[in-house]
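Both backbone and side-chain heavy atoms feed into the values below; hydrogens, waters and symmetry mates do not.
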Amino acid sequence: MFKKDITPSPKQKLKSSIQRNLRQSLLTTYPLLTPFIDDIIPKKASLEQIKLPDRVSLYVIDGTTPLFFQADTPSQQNTIVPHLKLVHRFPQCFPTIRIDRGAIRFVLSGATLMAPGLTSKGGRLPLPHERPPREKSAAEAEESEIEVPNEGADEEGHWSRELEKGEPVVVLAEGKEEACAVGVLVAGTKEIKEKGKGPVIEEAHSLGDGLWRMALD
């Protein structure tokens with residue numbers, strides 16, 4: 001999706017009402033971010049939009065910190081997708097899948113992520129399981145409209161619920177600590193396990209791609 005270097009358009013400061021709506025959309029899509037939302041989008045910070053090629057909008061804080069993007073494409077449909085730099089700051093807040101070692105170079109080259117890279121021994125797909133009770137944070141009390149789910153990955157890297165088609169997901173890699181890609185599922189994880197073949201993510205933002213390398217200052 002971002003295979004080539006990107007020349008961004010000038011930054012556009014967003015109206016307060018639009019900033020509030022985007023903040024709410026971010027929390028609705030990623031409710032696990034709720035305890036950290038004031039660190040991600042400080043109330044006095046300026047949220048700006050940068051229009052990129054191929055009908056993509058990138059949102060940044062104070063002109064230098066990328067947060068998330070939206071792409072008006074058939075597979076993404078303007079879903080809010082986090083920039084990998086945000087994922088690396090709060091890795092526990094995003095649903096994950098894991099690819100095996102053999103799939104890493106293909107994902108980093110911008111190729112479509114296929115099911116065999118997840119169903120092999122080194123891959124990880126969700127394995128629904130119960131999690132210990134969690135305590136609510138002060139930030140959750142303030143964001144009363146957001147219900148923060150009790151979900152996450154187990155020690156083996158299996159997310160605690162199945163993920164649906166059209167849902168954004170972070171891609172981890174076998175043997176690596178930080179996420180290598182993020183994108184929108186074109187098939188649900190239950191279907192992926194049943195079929196064991198076919199595309200999983202067609203348009204991903206990955207480490208080292210044009211979006212990762214793009215200068216914001």
Side-chain angles (χ1 to χ4, degrees), residues 11-52 55-73 75-97 126 128 130-154 159-172 178-179 181-185 188-189 201 203-205 211 216:
K11 303 179 184 74
Q12 296 177 326
K13 185 175 180 180
L14 299 173
K15 294 180 179 179
S16 297
S17 58
I18 297 177
Q19 293 192 42
R20 286 194 298 271
N21 288 339
L22 285 170
R23 175 188 170 109
Q24 188 69 21
S25 295
L26 182 66
L27 290 178
T28 300
T29 308
Y30 306 102
L32 293 177
L33 286 174
T34 302
F36 314 103
I37 191 61
D38 288 335
D39 294 325
I40 298 167
I41 307 179
K43 292 180 179 178
K44 293 185 178 181
S46 175
L47 185 62
E48 297 169 312
Q49 179 188 44
I50 302 174
K51 291 186 178 180
L52 307 180
R55 295 175 297 179
V56 176
S57 292
L58 174 68
Y59 297 92
V60 302
I61 280 290
D62 293 334
T64 59
T65 304
L67 295 183
F68 53 89
F69 65 91
Q70 292 177 298
D72 185 12
T73 65
S75 67
Q76 301 224 3
Q77 298 183 351
N78 279 316
T79 300
I80 288 181
V81 179
H83 193 285
L84 277 171
K85 291 181 180 179
L86 180 63
V87 173
H88 291 169
R89 288 173 62 196
F90 304 99
Q92 75 278 19
C93 296
F94 303 94
T96 59
I97 54 179
E130 293 291 331
R131 290 176 56 79
R134 54 181 294 278
E135 294 184 5
K136 285 191 175 182
S137 66
E140 289 176 53
E142 291 183 13
E143 302 288 346
S144 57
E145 296 179 3
I146 302 296
E147 181 66 30
V148 180
N150 185 16
E151 60 183 69
D154 63 16
W159 199 253
S160 58
R161 66 173 176 86
E162 299 288 5
L163 306 175
E164 303 297 328
K165 177 181 178 180
E167 190 169 350
V169 65
V170 166
V171 181
L172 303 177
E178 292 191 323
V182 58
V184 177
L185 292 170
T189 53
I201 298 176
E203 298 177 319
H205 158 41
L211 186 61
L216 293 173

Item checked: Rounded distance (nearest 0.5 Å) linking atom CD of Q19 with atom CD of E48 -> 8.5 Å

Check: Do I201 and V184 touch side chain to side chain, with heavy atoms closer than 4.5 Å?
Finding: no

Notebook entry, point to check: Side chains of L216 and I50: does their closest heavy-atom pair fall under 4.5 Å?
Noted result: yes

Notebook entry, point to check: Taking F94 as the fixed residue, which of T29, L86, V81 is the one that meets the side-chain contact (heavy atoms from CB on, under 4.5 Å) rule?
Noted result: L86

Margin query: If we ignore hydrogens and angles and just use 3.5 Å, is the side chain of H88 paired with the main-chain N or O of E178 as donor and acceptor?
Written below: no

Checklist line | Rounded distance [0.5 Å steps], CZ in R23 versus CG in L33 | finding: 11.0 Å

Next item on the list: Enter the distance from R55:CZ to N78:CG here, rounded to the nearest 0.5 Å.
Entry: 9.0 Å

Checklist line | Under 3.5 Å side-chain donor-acceptor pair for S160 and E151 | finding: no

Notebook entry, point to check: Side chains of L52 and L211: closer than 4.5 Å at any heavy-atom pair?
Noted result: yes

Note to self: Just verifying a value: how many Å separate T79 OG1 and F69 CZ, rounded to the nearest 0.5 Å?
What the structure shows: 10.0 Å

Note to self: On a heavy-atom basis, which atom in I80 and which in Q70 lie closest, and how many Å separate them?
What the structure shows: CG1-NE2, 3.6 Å

Item checked: Atom of P95, atom of V169 and distance for their closest heavy-atom approach -> O-CG2, 3.4 Å

Checklist line | Over all atoms of both residues, closest heavy-atom pair of Q92 and W159 | finding: O-CH2, 4.0 Å

Check: Under a 4.5 Å cut-off applied to non-hydrogen side-chain atoms, are L67 and V60 in contact?
Finding: no

Item checked: Check: P31 and E147 side chains under 4.5 Å, non-hydrogen atoms -> no

Check: How many angstroms lie between atom CZ of R89 and atom CD1 of I40, to the nearest 0.5 angstrom?
Finding: 6.5 Å

Item checked: Close side-chain approach of E164 and L185, heavy atoms under 4.5 Å -> no

Notebook entry, point to check: What closest approach, in Å, do H205 and L84 show between heavy atoms, and which atom pair accounts for it?
Noted result: NE2-N, 3.2 Å

Checklist line | Close side-chain approach of L26 and I41, heavy atoms under 4.5 Å | finding: yes

Notebook entry, point to check: Could you give the distance from OH (Y30) to CZ (F68), rounded to the nearest 0.5 Å?
Noted result: 9.5 Å

Margin query: Around atom NZ of K85, are there more than 12 heavy atoms from other residues, nucleotides or ligands closer than 6.0 Å?
Written below: yes

Next item on the list: Decide if atom CD of E130 counts as having more than 12 heavy atoms of other residues, nucleotides or ligands within a radius under 6.0 Å.
Entry: no

Check: Taking all non-hydrogen atoms of both residues, which atom of V56 and which atom of A71 are closest, and how far apart?
Finding: CG2-CB, 3.9 Å

Margin query: On a heavy-atom basis, which atom in V170 and which in A179 lie closest, and how many Å separate them?
Written below: CG1-CB, 3.4 Å

